Structures are given as C-alpha cells and as structure tokens.
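All remarks here apply to the structure that follows.
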Number of protein chains: 2
Amino acid sequence: MSPKVADPVRAAETEAAILEAARDLAAEGGLDALSMRGVAAQVGLSATAIYHYFENKQALVTRVVTLGFERFVGYLRAAIAELPRGSRERLRALGDAYIRFALENREYFKVLFGTYSETPQDIEELPDGGGYDLFRQTVVEAMESGAIRRADPDLVVLYLWAHVHGLVTLLLACRPEARCRHTGEQLSAPDLFARFRDFVYSGLRPQGAPEVETDGASAS
Amino acid sequence: MSPKVADPVRAAETEAAILEAARDLAAEGGLDALSMRGVAAQVGLSATAIYHYFENKQALVTRVVTLGFERFVGYLRAAIAELPRGSRERLRALGDAYIRFALENREYFKVLFGTYSETPQDIEELPDGGGYDLFRQTVVEAMESGAIRRADPDLVVLYLWAHVHGLVTLLLACRPEARCRHTGEQLSAPDLFARFRDFVYSGLRPQGAPEVETDGASAS
DNA sequence: GCTGTTAATATAACGCTGTCAAGTTGACAC
DNA sequence: GTGTCAACTTGACAGCGTTATATTAACAGC
C-alpha cells in the first residue's frame, strides 16, 4: 500500500525553492509582486505546479509570513544578545531592532504586519509568538532588576510594542514626521524613537504633579 | 471658444456617485473590493467611463482616502467638542475616538492607513492635516493648562499618535491581545487604551527613581 | 441649418491575475 | 504487466486595470 514517494528530498527542495522565491518577491515588491506565475517562473515551474505544494496563494503567503517572522525575531534576538539582562538598554535595543527591521525590510514588513494581507495571523501561532515571547521576557527581567516599574508584564509589552509599531507604521503610511519641523532637520524613525524615550520613561505628567491621576474627569 | 460643458451639474453628480460607490465598496471590503468594474456596475456605467472622471484607479483611491480622512477628522472633532479646552480628558477623548473609528470602520481604516495602498499620502495634503492639526492644538492647550508637561508639541503629538495608532494596527494585524490573559477576560482596544493611560501619564520609571535617566548605557 | 468640437459614454481587446480541469510522465508496488 | 500516485504541463475561465477606438448628443460659430 505504501504510497509512491518518488523523492521526498527533491520534493522538500522544490517546496523550499518555491518558498524562497516567494519570499524574495515579497521582500522586493510586497504582496503585489508575489504572483503565482512570478514565483513559478523564478523556480522554473509552471504556475499550477505550485498548487501541488500549497493549497492556494493564501497558504503560500501564510508560509512566507511565518518565514518573515523568523527573520524578524532574529533581528530582535541579535540586538539584545550582548546586552546585560534586566537592563533598560535591552528594551531600547529591541525597539531599535524593530525599527531597523521595518526600515531595512520595508516591503517585507508590510507583508508581515500589513492589514491588507488576508492573513489575520494569530500571533500565538507564529514562531516565538512573533517576537512576543522575547519582548515579554525582556520586560519581566527589566522589572525584576528595577529598571522599570512593576506592572502587568503583558500590558507593558503591548504598550511598548504598540509604541514602536505605531511609530514605524505611521511613518510608513503617511510620513507625519514632516510635521516635526522644530529644528528644521528631518527626523528619522530611530531619531524619533530616541526622543520618545523620555516620554516612555517619565511620562507626560508635569514635573511636580502628584503621581496619582487627579484629572477632573470621572467618566471613561 | 467656450468648450461644450454639456451639463456641469450632471457631471459633478456622476463624479460624486462614482466616489460614493467607491467609498462604499472600500468601506465594506477594503481595497480588494474596490474595482473599477464594481464601481461602474454600482453606478450604472461601464468601467471605462470612470476614466473620464479619474485618471486611473490610483486617483480614485486617493480621492476615497481623502474622503475617509474627512470622516476620520469628524470623529475626532465630535469627540472633543463638548470637553473643556486644555483638559487631559480631551486628549483621552481623541484617543478613544481614534480607536472607535478604527473599530467601526475597519476596512476603511485599513484603506486610509494601509501600508499596502500605493498612496503614500503625505499627511500635509490631507484635510486638516489628516487630524494632525486637531491633535496638535489639543496637545498645545493641554500643555498651556498644565495638564501635561511642556515639551515639543510636534514630538508629543507624534508620540501620542503612534501610541494609539500602534495599538489599533497591532490589534488589527495580529491580535496580540490574546496574550494578555492576566485576568482571563478578553481585553478590547478601548480597554487596553484605558489601561495604558497610566503608562503614558506617569511613564515606566519606578516610583522613587530619579527623574533624569541614569541608566548605565552610554551608546545609542 | 450645417459643420466642427467636445463631453460622455460604450464596446472590444490586451496582458495580467488566481485557479481549476484535464492530460502527461515517470517511478514504484504487486 | 498493470495500477497507482507524485509531480508536473497545457489550456482554459473569470476577473482585474487599462487602452484604443467608436458612438452619441449637445453646443458654438458661421
């Protein structure tokens, strides 16, 4: 009964080649540039042959996204490798790496986090939680060392993540940094991130104001 | 010499109808659902007739985006209309409205801020600066009233904007809030925003730590 | 009233897309 | 041999944005 696996190695290689081609195309020109025919041409197959390895384009894209998150997590991991555990420096490095990844892999980044991809990836299914785990561990260690205040780690992770993610997506989407003309010079994403550091650390509360919120508002 | 303007009123109405149909389709199913043929069918024209009013699909999308930002700014404006100038409450309301717009107009929001649209809108060209002006004014007033600390307004605007924008785009893209299982219940975007408030106001600095950064890091 | 111009539309087609149906080839099992 | 199945191919379909070309109707000037 044993089914005829003609050559499992070659099959795996072909699938890997397809995946690689798809990744390259997506990294170069985004999802628009990732076409079945384009991938097929790069691999030397007919377009329909891909359907033997991937159910449809969506499945292929999903795999490409997974690959991308591995690469993304690699950026993060490398960024903090040499930095002392528990340091706030490590948190900064994560943010810097996040930004660097987005800027150095613009199209790829858009594919990964693009709200247009019909890939509503649950982050839980991604390798390393799509970077969440690494982020979380770094936050927990920073809390334990006293580098940042103690609070719900998941909340803080999401807070910091949204902070850096919002910065890059906003810049990628509508370049609002042009509005920051205080000194005339153009502010890059890393520049802005550095200037936000103080807000993240000390907040927007005026110096001397009580630490507990006393704003008149009671609702919401 | 006067060119034959057959019926300028009717022409304007047709253009408006096209725009309206395009907006509806985009709001319903995102950019993918916005096709020239689809719009044409809804208006009762042939697809190519649209090219008489818009140079190409890109131009049509750009107009739809502009319309969307007007709607977006309407949300923001309405949210703070009844709140006292200079209050931090107003800043909160802006954030809440931002989130509400994103959740109530998911597909539309993706079109406006989608990094896939080949519409790298410079925010300056949008009505009301795409909401930037309103945001900025609110920040400036909050600074003047002492509700938040004094700093470069543009920096603070971008900081707050990135904060709320990052939150919603992250949630729209990969639902990381599932990771926040501290209390077991599901946290919605407005919930999360409310919980982040304290971080934004007081920062992540541990209570009692000096206001000036004294982290060991010198680099970066 | 005829002629020329032009707005406003239509039809047909091109090349692209994802996808499906059907056919081909070759390796292996019995 | 014969059958089965993996690994492909070709051909086609419907949809896309876009272009070229044609049609119709309205108006301007003579």
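In the text below, chain A, chain B and the rest are named by the order of the sequence lines, each starting its count at 1. As the structure is a prediction and not an experimental result, all values here were calculated from the model.
- Computed from coordinates, the A:Phe54 CZ to C:dT19 P distance equals 13 Å when rounded to whole Å.
- Evaluation of the side chain to side chain contact (heavy atoms under 4.5 Å, CB included) rule for A:Glu20 yields A:Arg23, A:Asp24 as partners, not counting sequence neighbours.
- Across all strands, B:Leu34 comes closer than 4.0 Å only to sugar-phosphate atoms, never to a base (heavy-atom distances).
- Rounded to an integer number of Å, the gap from CD of A:Glu15 to P of D:dA7 is 10 Å.
- Regarding contacts with the backbone of D:dT18, a side-chain N or O of B:Tyr51 is found under 4.0 angstrom from either OP1 or OP2.
- If you measure from atom NE2 of B:His52 to atom P of D:dA25, you get 16 Å, rounded to the nearest angstrom.
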Which protein N or O atoms sit under 3.5 Å from an N or O of nucleotides 22-24 of chain C?
none

**Message:** For A:Glu89 and A:Arg92: C-alpha separation, side-chain torsions, deciding distance, then whether salt bridge (Lys or Arg N to Asp or Glu O under 4.0 Å) applies.
**Reply:** CA-CA 5 Å; A:Glu89 213 183 340; A:Arg92 283 181 211 167; over 6 Å; no

List the atom pairs, donor and acceptor, that lie under 3.5 Å between side-chain atoms in residues 37-51 of chain A and the rest of the protein, sequence neighbours left out.
{"unit_1": "A:Ser46", "atom_1": "OG", "unit_2": "A:Thr48", "atom_2": "OG1", "d": "3.4"}

**Request:** Determine, step by step, whether B:Phe113 and B:Phe69 satisfy the ring pair (Phe, Tyr, Trp, His ring centres under 6.0 Å) criterion, reporting the C-alpha distance in whole Å, the side-chain angles of both residues, the deciding distance to 0.1 Å, and the verdict.
**Result:** CA-CA 10 Å; B:Phe113 291 103; B:Phe69 268 100; 5.2 Å; yes

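- Here the CZ atom belonging to B:Phe199 is positioned 8.5 Å from the CG atom belonging to A:Leu160, to the nearest 0.5 angstrom.
- Donor-acceptor pairing under 3.5 Å is recorded for the side chains of B:Trp161 and B:Tyr98.
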List, with names and distances, any nitrogen or oxygen atoms from the protein found under 3.5 Å away from nitrogen or oxygen atoms belonging to nucleotides 11-15 of chain C.
{"unit_1": "C:dT11", "atom_1": "O4", "unit_2": "B:Thr48", "atom_2": "OG1", "d": "2.9"}

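- By the ring-ring contact (aromatic ring centres under 6.0 Å, His included) test, B:Phe193 is found to be paired with B:His163, residues two or more places apart in sequence or in another chain being considered.
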**Message:** Pair B:Tyr108, B:Arg71 - check side chain to side chain donor-acceptor pair (under 3.5 Å), show working.
**Reply:** CA-CA 10 Å; B:Tyr108 211 3; B:Arg71 188 180 164 84; over 6 Å; no

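- The residue A:Tyr53 sits close only to the backbone: its heavy atoms come under 4.0 Å of sugar-phosphate atoms, none of a base.
- Looking at heavy-atom distances under 4.0 Å, A:Ile50 makes no contact with the nucleic acid at all.
- For the pair B:Lys57 NZ and D:dG17 P, the computed distance is 4 Å after rounding to whole Å.
- For the helix from C:dG1-D:dC30 to C:dC30-D:dG1, the rotation axes defined at the first and last 5 base pairs enclose an angle of 20°, given to the nearest 10°.
- Between the CD atom of A:Glu55 and the C1' atom of C:dG18 there is a distance of 13 Å, rounded to whole Å.
- Remark: C1' of C:dC16 and CG of A:Asp32 are 12 Å apart, rounded to the nearest angstrom.
- For the pair B:Leu25 CG and D:dG17 P, the interatomic distance rounds to 11 Å; values are reported in whole Å.
- With a 4.5 Å cut-off on side-chain heavy atoms, B:Leu25 and B:Val64 do not count as touching.
- We find that B:Arg195 and A:Asp152 are not joined by a salt bridge, their nearest charged nitrogen and carboxylate oxygen being 4.0 Å or further apart.
- Note that the CG atom of B:Leu167 and the OH atom of A:Tyr159 stand 11.5 Å from one another [nearest 0.5 Å].
- Taking atom CG of residue B:Asn56 and atom C1' of nucleotide D:dT19, one finds them 12 Å apart after rounding to whole Å.
- Here CG of B:Leu94 is found 4.5 Å from OG1 of B:Thr138. Values are rounded to the nearest 0.5 Å.
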